[in-house]
Asker: 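Handing you this structure, nothing more for now.
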Amino acid sequence: MDESRKSGTNQLKPHNHPAQLTRMSLNDNKAGMQGLDKEKINKIIMDNTVGSRFYKNEQKREQQVNARIQKMKEKLNSFTSNQIMTAKQHAEEILSEVENQRDLSRTIIHIDMDAFYAAVEERDRPELKQKPMAVGGMDMLSTSNYVARKYGVRAAMPGFIAKKLCPNLIIVPTNFDKYREVSKETQEIFSEYDENFCGMSLDEAFLDITDHLQKRLIYDQQKKWLSIKFYKHGLFASAGIAPNTMLAKIGSDLNKPNGQTFFAPNRDEIMKFIKDFPVRKVNGIGKVTEQLLSSLGVQKCGDIYEMRAELMLLFSATSCSFFFRMCLGCSSNILEPDGERKSISTERTFSTISNRDELFAKLDELCHSLAADMKKQNVQGKTLTLKTKNVDFQLHTRSKTINVPMTNYQTIFPVAQELLKQEILNANNKLSLRLMGKYQ
DNA sequence: GGGATACAACTCG
DNA sequence: TTCCACGAGTTGTATCCC
Ligand SMILES: Cc1cn([C@H]2C[C@H](O)[C@@H](COP(=O)(O)OP(=O)(O)OP(=O)(O)O)O2)c(=O)[nH]c1=O
Ligand SMILES: [Mg+2]
């Protein structure tokens, strides 16, 4: 039940796209996206976005970020020179502590498959290799091959917009089981080099090859060898080799696809590189933090040092120590074995439901699905969280912790039902529902 | 003051 | 024709209860 499509406001809203929405436009800091017509692509994206409920929500969030920035600037102006001075001293202490801890003795590789899901699909349908192709659905794409990227089509872009950018785009449905299979194959190879390798997702992993290197030189071989191994499938990977995980991760992206980067264990070279490296490309700095930092004039990692006092006063200790390590090119070089999972969840988006009974029927489905997943993974939970999203894309969560752990549908559903009842009372507007169960 | 608990916001792939 | 996913993790803040 979602009217409001007053077609009176006519379609020809000419190019008055509000002062560039930073949240919205094409993100080209991604492999395979250089030298394309960004203007044109952004126009198509905007033309298919402006006015939608999704867009309105994005605008709202943008406003919130701007408010945060405003507040930050006010705070900044209120600092006395004395405060700045002591903050600078404190920052220096932390920085020199980081510098003292710098350890260039390990060699870490980050390996990242190229266009992973798409590459697997191309393996099974080689005729797709020359064609623009993406994996996902009309609502959302998980990734695209490099041919499609030339059109501006990329991961996390809705399929229907991608189709506007590239009418010939072929969209292949997602096939997780296949990707899991291939992932297993690659991980077997990784374990030959480092049995304690750390798989970050289906398509990427960190390896500490320090010990392996003592036995055998594989700097160059690593890549060739991966290429050969995967050649039969036509799959390729990129790699970054460095003294720590942050640099290794940066490196694997620098020469994508089918490329690699080597950072020598040399302080000066690392500092020289990191100085001009954009903060946004560092893992952990997303769209929002980028904007917050940018409003302080911090765009490159080197800028962090210049603003160390202000950052100390404006951000949490956790954030600051992260920033400071960043600007010195330092990060962990220890690969933690991944422990127990912390949560398990299932969520679904569907066309708007406002009928109460239908809502509960949907909830029932989700509980069954969650219970099945929990059984398969052999886990139980003590906290259940219901997550909802309404037609305006507003998110809401409501959770309940209970003494006796939940293990199956019978124990989950009653709790979920309570949460949904409350949620319906709370927001008597129609909601498009999703459920998410967690366990902690 | 120090754990739980609840919830929003952010990030990643 | 369609009109922005889904699963997992972290951090920050508020609140309550020893
Ligand atoms: C970024 C992203 C990736 N994925 C999936 C699909 C990707 O193939 C897989 C790995 O992510 P990525 O490594 O980020 O992307 P990619 O491997 O497709 O392309 P490349 O590394 O060459 O730039 O994760 C999503 O489902 N949603 C996302 O938003
Ligand atoms: Mg990849």
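Here is the naming used below: chain letters follow the sequence lines, and residue numbers restart at 1 for every chain.
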Asker: Does the side chain of A:H396 get closer than 4.0 angstrom to OP1 or OP2 of B:dC7 through an N or O atom?
Answerer: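 No, A:H396 has no side-chain N/O under 4.0 Å of OP1/OP2 on B:dC7.
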Asker: On a plain distance test, is the side chain of A:S201 in donor-acceptor contact with the base of B:dC12 below 3.5 Å?
Answerer: no
Asker: Classify the nucleic acid contact of A:I161 as base, sugar-phosphate or nothing, counting any heavy atom under 4.0 Å across all strands shown.
Answerer: base
Asker: Would you say a side-chain N or O of A:R348 is under 4.0 Å from OP1 or OP2 of C:dG7?
Answerer: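 Checking C:dG7 against A:R348, a side-chain N or O does come within under 4.0 Å of OP1 or OP2.
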Asker: If you assign A:R61 and A:D112 each to the DNA chain B nucleotide with the nearest heavy atom, which residue ends up on the more 5' nucleotide?
Answerer: A:R61
Asker: Can you say whether the rings of A:F413 and A:Y409 are parallel (under 30°), tilted (30 to 60°) or perpendicular (over 60°)?
Answerer: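 Answer is parallel, since the angle falls under 30°.
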Asker: What string of B, S and - do you get for nucleotides 12-18 of chain C, 5' to 3', when a contact is any protein heavy atom under 4.0 Å?
Answerer: S------
Asker: A:T143 near the nucleic acid: base, sugar-phosphate alone, or nothing, with a heavy-atom cut-off under 4.0 Å?
Answerer: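 No contact.
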Asker: Do A:F277 and A:L247 make a side-chain contact, defined as non-hydrogen atoms from C-beta onward lying under 4.5 Å apart?
Answerer: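 Side chain of A:F277 against side chain of A:L247, heavy atoms only: no contact under 4.5 Å found.
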Asker: Report the distance from atom CG of A:L366 to atom CZ of A:R348, rounding to the nearest 0.5 Å.
Answerer: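 The distance works out to 7.0 Å.
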Asker: Report which part of the nucleic acid A:K382 touches: base, sugar-phosphate, or nothing (heavy-atom distance under 4.0 Å, all strands).
Answerer: sugar-phosphate
Asker: Any side-chain heavy atom of A:Q380 within less than 4.5 Å of one from A:T411?
Answerer: no
Asker: Do A:S238 and A:D112 have side-chain atoms, one donor and one acceptor, less than 3.5 Å apart?
Answerer: no
